[in-house]
Every structure is written in C-alpha cells, then in structure tokens.
Amino acid sequence: SEVEVFVLMDCLRATWMSGKTRPKEFRVTQLEALCHFLEERQADIQHALCEDLHKPCFETEFTEILLVRNELANALNNLSCWMKDEKVNKNLMTQLDCAFIQKDPYGVVLIIGAFNFPIQLTLLPLVGAIAAGNCVILKPSEVSSCTERLLAEALPCYLDSVSSSIASFALLKNQNEAEVSVYLGCRLCAFCFS
C-alpha cells in the first residue's frame, strides 16, 4: 500500500540523514557482505538461474557472478580514492579560499533489475550505490521468479536490511508495475533501471 511505501521511504531517508551509510567502514562491510553472499550462495544462484532461464552453471558463472565479483573487487580496491575530496584549480578570485569537490551520496536509490541477467543487472548497480554511500531499494525482476525469491530471502541476511530499526537496504518482492510506480512517485535521489 502507499502508506507502507512512505514508511519505507521515511525509514531509508532517516538512515541516510543519520550519516550511517557515509563512513568508509560501513561501505566496506556492506560490500564484503555482498561478496560473502556470492560465495556462499553460488550454488543457489546457479540453480535459480537454471530454473528461470535454463542457464548452465558455466554461463551463470561468467555472465552473472564473475562480473559482480570483479565490480566488488574494483569498488573495494578504489573506495578510498573515490571518497577523497578532489582539489580543483583556483582562479584569481579564489586564491585565498580552500576549493575542492566533496563527494557526497545522493540519498535513497531505487534499482529495478531486468529478467534476462537478473543477478548481474540487479547487483552491479547495487555495488555502485553501496560504494557511493546511498540507501537502496532493490526490486528484482518478477519474471525471473526463482532468482527474485533467492534475492528476497538471502540478501537481507547479508546486508543491513529494513528488518533492523535503522536500515540502509530494502528489497521489494512480488510487486507489479502499479505497486512499483508508487515508488517512482516518491522523491528518490537516483533511479536505475537496467
């Protein structure tokens, strides 16, 4: 219902406003938890993709899991650099000022996954959103129902999810277009549809 949508959005906005997702340690912890999910649930992911799309294990490993693992490794290796303030050139008017670009997270991000590559096209944007320090609402494709069920049941066990009092992650399951369109009417800071 719309009330639940606004409650969820308020919860995620409150988390973001509290600054919980901004520290490097929190982001690293969440990214490492996503790594653990991929490692510990690899067989479940392969089974779900075999059921949904009839993908063989080899194809699943290379077109879904490996790409997300590489993105996670890249994010973990470069996170410190990405978070640093960026110095900018000064002109005559700003010579005495301290000029730099401070990189801040947007806030709450909605990620809607696609059915044809349900792990890759759902989790790759999730890696970027977490690395940037955002709160995330994740909506896997309902067409890939086994994968959607796996993500809905397993991923909250690894990430800081809405089950806690102050959460940075929420996963939507079994929602149709009309129900998801309510989220699009909310003031989201970013939106990713793959």
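Atoms considered below: every heavy atom in the structure, side chains included; atoms not considered: hydrogens, waters and symmetry mates.
- Side-chain contact between Phe115 and Glu148 is absent, with no heavy-atom pair separated by less than 4.5 Å.
- Using a 4.5 Å heavy-atom cutoff, the side chains of Pro105 and Arg22 are in contact.
- Leu67 and Leu150 are not part of a single hydrophobic cluster, where members link through side-chain heavy atoms under 4.5 Å apart.
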Side chain to side chain contact (heavy atoms under 4.5 Å, CB included) between Gln42 and Arg69, intermediate numbers included:
CA-CA 11 Å; Gln42 181 174 353; Arg69 279 190 182 146; 3.3 Å; yes
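- Atom CG of residue Leu159 and atom CG of residue Leu31 lie 9.0 Å apart, to the nearest 0.5 angstrom.
- Residues Pro125 and Val109 have side chains not in contact (no heavy-atom distance under 4.5 Å, counting atoms from C-beta outward).
- With hydrogens and angles disregarded, no donor-acceptor distance shorter than 3.5 Å links the side chain of Asn134 to the backbone of Val108.
- Counting heavy atoms from C-beta on, the side chains of Ser141 and Leu121 never come closer than 4.5 Å.
- For residues 112-124, the set of pairs meeting the salt bridge (Lys or Arg N to Asp or Glu O under 4.0 Å) definition, not counting sequence neighbours, is empty.
- Residue pairs meeting the salt bridge (Lys or Arg N to Asp or Glu O under 4.0 Å) criterion with at least one member in residues 79-97, sequence neighbours excluded: Glu86-Lys103.
- Remark: the backbone N or O of Thr147 is paired with a side-chain donor or acceptor of Asp52 at under 3.5 angstrom.
- The OG1 atom of Thr29 lies 12.5 Å from the CG atom of Leu34; values are rounded to the nearest 0.5 Å.
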- Which is it for His54 and Glu59 under the side chain to side chain contact (heavy atoms under 4.5 Å, CB included) test, yes or no, and what are the steps along the way? CA-CA 10 Å; His54 305 292; Glu59 183 180 351; over 6 Å; no
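- Scanning both residues, Leu53 and Pro118, for their nearest heavy atoms gives CD1-CD, 3.7 Å.
- For residues 37-50, every residue pair satisfying the salt bridge (Lys or Arg N to Asp or Glu O under 4.0 Å) rule, not counting sequence neighbours, is listed here: Arg41-Asp44.
- In terms of heavy atoms, Cys135 sits closest to Thr21 at SG-CG2, 3.9 Å.
- Just one residue in the list Arg27, Glu25, Lys20 forms a side chain to side chain contact (heavy atoms under 4.5 Å, CB included) with Pro23, and that residue is Glu25.
- Between Val136 and Ala129 the shortest heavy-atom distance is CG2-CB, 3.6 Å.
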| task | Give the C-alpha distance, both sets of side-chain angles, the deciding distance and a yes or no for side chain to side chain contact (heavy atoms under 4.5 Å, CB included) between Leu49 and Glu64. | result | CA-CA 9 Å; Leu49 287 170; Glu64 302 272 354; 3.6 Å; yes
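- Using a 4.5 Å heavy-atom threshold, the side chains of Ile137 and Met9 count as touching.
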Should Leu123 and Leu155 be marked as a side chain to side chain contact (heavy atoms under 4.5 Å, CB included) after you check the CA-CA gap, both sets of side-chain angles, and the distance that decides it?
CA-CA 10 Å; Leu123 297 187; Leu155 210 48; 4.0 Å; yes
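- Nearest approach of Phe26 to Asp160, heavy atoms of both residues: CZ-OD2, 3.8 Å.
- Contact detail for Tyr158 and Ala33: the closest heavy-atom pair is O-CB, 3.2 Å.
- Going from atom CG of Leu126 over to atom CZ of Phe37 covers 10.0 Å, rounded to the nearest 0.5 Å.
- Formation of a donor-acceptor pair under 3.5 Å by the Gln46 side chain with backbone atoms of Thr60 is not found in this model.
- With values rounded to the nearest 0.5 angstrom, Trp82 atom CH2 is found 12.0 Å from Lys24 atom NZ.
- Side-chain contact between Leu151 and Ile119: present, with at least one pair of heavy atoms (C-beta onward) separated by less than 4.5 Å.
- Leu76 and Leu66 fall into different hydrophobic clusters, defined by Ile, Leu, Val, Met, Phe, Trp and Tyr side-chain heavy atoms under 4.5 Å apart, directly or through other members.
- In terms of heavy atoms, Gln120 sits closest to Val68 at CA-CG2, 4.0 Å.
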